[in-house]
Amino acid sequence: MSHVITLSADTLRRVLPHVSSEDRRPTLSGVLLEASGAVVATDGHTLAAIPGAILEGVAADVIVRFMEPRKVTAQKVERVTLTLADVSPGASIAVALLDSYDRIIGASLAEVVEGPFPDWRCVFRTLGKRSAVQAVAVDPDKLARFTANVGAKKYKTPAVTLDFYGPERAAVVRWDGSEGVGMIMPCRFGELATGVPAWLDFSTATAAAA
């Protein structure tokens with residue numbers, strides 16, 4: 001018996017950039033849809049997890065590989081529905097793309113990936129026991145200027161190090177393999193709290209349970 005999973009395209013825009021493109025760890029090539037409603041993707045270097053992102057339809061955890069990620073993340077797409085007839089590894093999934101009026105404006109394909117997905121929460125268990133430093137927001141477009149023209153086909157794009165001196169002060173930027181130095185001003189980001197969010201703060205959850 002088939003069932004339909006519905007989630008927002010905005011969620012996929014946030015998590016799909018973190019999906020692995022390498023073949024050595026197949027489970028990282030997909031997006032984890034948890035029964036809890038969370039959507040998670042990681043390539044082992046970066047990770048994105050969004051709680052309550054699944055609008056409906058998930059009865060058990062499943063890893064999904066989107067065959068055409070550019071289609072499902074197009075700006076005109078508002079919601080995405082996945083029709084699963086089978087949850088066995090390699091099973092094909094029909095993907096429907098809907099706009100803000102719930103009209104189907106396109107279609108794509110996905111497939112079920114054999115698990116298990118890494119225990120991504122263990123990363124936050126340690127962080128949840130520590131105090132976060134004061135948050136500093138950086139404009140990603142401005143940060144990208146430091147590496148935009150540096151990488152080439154046969155050269156790896158250099159790592160960028162940021163030294164923060166406070167939320168209202170400029171950050172010092174340095175490139176890997178260079179004595180050069182740069183500066184980037186912080187930007188305002190509202191009242192977003194620092195540190196691990198409450199839904200993943202294991203120290204708080206443990207204290208409450210006690």
Side-chain angles (χ1 to χ4, degrees), residues 7-34 36 38-51 53-54 61-73 89 110-164 171-178 180-182 184 186-187 189 192-197 199-203:
L7 62 159
S8 74
D10 183 64
T11 293
L12 293 177
R13 293 186 190 102
R14 294 174 186 270
V15 302
L16 279 175
H18 303 275
V19 168
S20 176
S21 58
E22 299 180 1
D23 296 328
R24 60 188 181 88
R25 300 185 68 183
T27 55
L28 301 189
S29 68
V31 175
L32 173 65
L33 308 181
E34 289 192 336
S36 67
V39 175
V40 187
T42 180
D43 62 358
H45 301 284
T46 65
L47 180 150
I50 303 178
I54 300 174
D61 294 359
V62 61
I63 305 172
V64 174
R65 179 189 291 119
F66 289 90
M67 312 307 289
E68 301 172 298
R70 290 187 179 181
K71 277 191 175 182
V72 299
T73 56
E111 65 178 8
V112 176
V113 181
E114 185 175 6
F117 199 81
D119 183 10
W120 61 275
R121 283 182 170 83
C122 71
V123 178
F124 294 97
R125 290 192 181 100
T126 301
L127 296 178
K129 298 176 182 178
R130 302 177 181 177
S131 298
V133 298
Q134 194 165 13
V136 177
V138 176
D139 185 328
D141 292 330
K142 292 183 175 61
L143 182 60
R145 296 176 189 175
F146 291 96
T147 58
N149 299 315
V150 181
K153 289 185 178 180
K154 60 180 180 179
Y155 298 108
K156 183 179 179 181
T157 301
V160 172
T161 299
L162 300 178
D163 293 328
F164 294 108
V172 173
V173 184
R174 289 173 290 144
W175 297 269
D176 180 29
S178 172
V181 65
I184 184 171
C187 59
F189 59 97
L192 188 64
T194 62
V196 178
W199 70 281
L200 276 178
D201 190 341
F202 288 92
S203 61

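Each residue takes its place number in the sequence, starting with 1. Since the structure is predicted, the reported quantities are computational estimates derived from the model, not experimental observations.
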### Query
How would you list, by chain and number, every residue that makes a side chain to side chain contact (heavy atoms under 4.5 Å, CB included) with R25, sequence neighbours excluded?
L28, P118
#### Entry: Point-to-point distance, once rounded to the nearest 0.5 Å, from OG1 of T73 to CG of L16
6.5 Å
### Query
What residues, two or more places apart in sequence or in another chain, satisfy side chain to side chain contact (heavy atoms under 4.5 Å, CB included) together with V112?
V62, L84, A91, I93
### Task
Nearest 0.5 Å please: distance from the CD1 atom of I50 over to the CG atom of D10.
7.0 Å
### Task
Could I get the full list of salt bridge (Lys or Arg N to Asp or Glu O under 4.0 Å) partners for D61, not counting sequence neighbours?
none
### Query
Can you find a pair of side-chain heavy atoms, one from F117 and one from V31, that are under 4.5 Å apart?
no
### Task
Could you tell me which residues satisfy side-chain hydrogen bond (donor to acceptor under 3.5 Å, both in side chains) with E68, sequence neighbours excluded, listed by chain and number?
S108
### Task
Please identify each residue that fulfils side chain to side chain contact (heavy atoms under 4.5 Å, CB included) with A49, with sequence neighbours left out.
V40, L47, W120, W199
### Task
Could I get the full list of salt bridge (Lys or Arg N to Asp or Glu O under 4.0 Å) partners for D139, not counting sequence neighbours?
K142
### Contact summary for L7 and I54, nearest pair of heavy atoms
CB-CA, 4.3 Å
### Message
Determine whether a donor-acceptor pair (N or O, by modelled atom type, separation under 3.5 Å) exists between the side chain of W175 and the backbone of A159.
### Response
no
#### Entry: Set of side-chain hydrogen bond (donor to acceptor under 3.5 Å, both in side chains) partners for R65, sequence neighbours left out
S29, E111
### Task
Locate the shortest heavy-atom distance separating V64 from A110; write the atom from each residue and the value.
CG1-CB, 3.6 Å
### Results of salt bridge (Lys or Arg N to Asp or Glu O under 4.0 Å) for R24 - residues two or more places apart only
E22
### Message
With no hydrogens and no angle check, just 3.5 Å: does a side-chain donor-acceptor pair link H18 and T46?
### Response
yes
### Message
Suppose we screen for side chain to side chain contact (heavy atoms under 4.5 Å, CB included). Which residues come up paired with P17, at least two apart in sequence or across chains?
### Response
none
### Message
Using side chain to side chain contact (heavy atoms under 4.5 Å, CB included), reason through E114 and T27 one step at a time and then give a plain yes or no.
### Response
CA-CA 7 Å; E114 185 175 6; T27 55; 5.9 Å; no
### Query
Which atom pair, heavy atoms only, marks the closest approach of A53 to V39?
CB-CG2, 3.7 Å
### Task
Using the test side-chain hydrogen bond (donor to acceptor under 3.5 Å, both in side chains), find all partners of S8 that sit at least two apart in sequence or belong to another chain.
T11
### Task
Return yes when atom CZ of R14 has more than 12 non-hydrogen atoms of other residues, nucleotides or ligands closer than 6.0 Å, and no otherwise.
no
#### Entry: Partner set under side-chain hydrogen bond (donor to acceptor under 3.5 Å, both in side chains) for S36, not counting sequence neighbours
E34
### Query
Quick one: are V173 and V160 in side-chain contact, heavy atoms under 4.5 Å?
yes
### Task
List for me each residue that meets salt bridge (Lys or Arg N to Asp or Glu O under 4.0 Å) alongside D141, sequence neighbours excluded, and say none if there are none.
none
### Query
Between F146 and G182, which heavy-atom pair has the shortest distance, and what is it?
CE2-CA, 4.0 Å
### Query
Which value, rounded to the nearest 0.5 Å, describes the distance between L143 atom CG and L162 atom CG?
5.5 Å
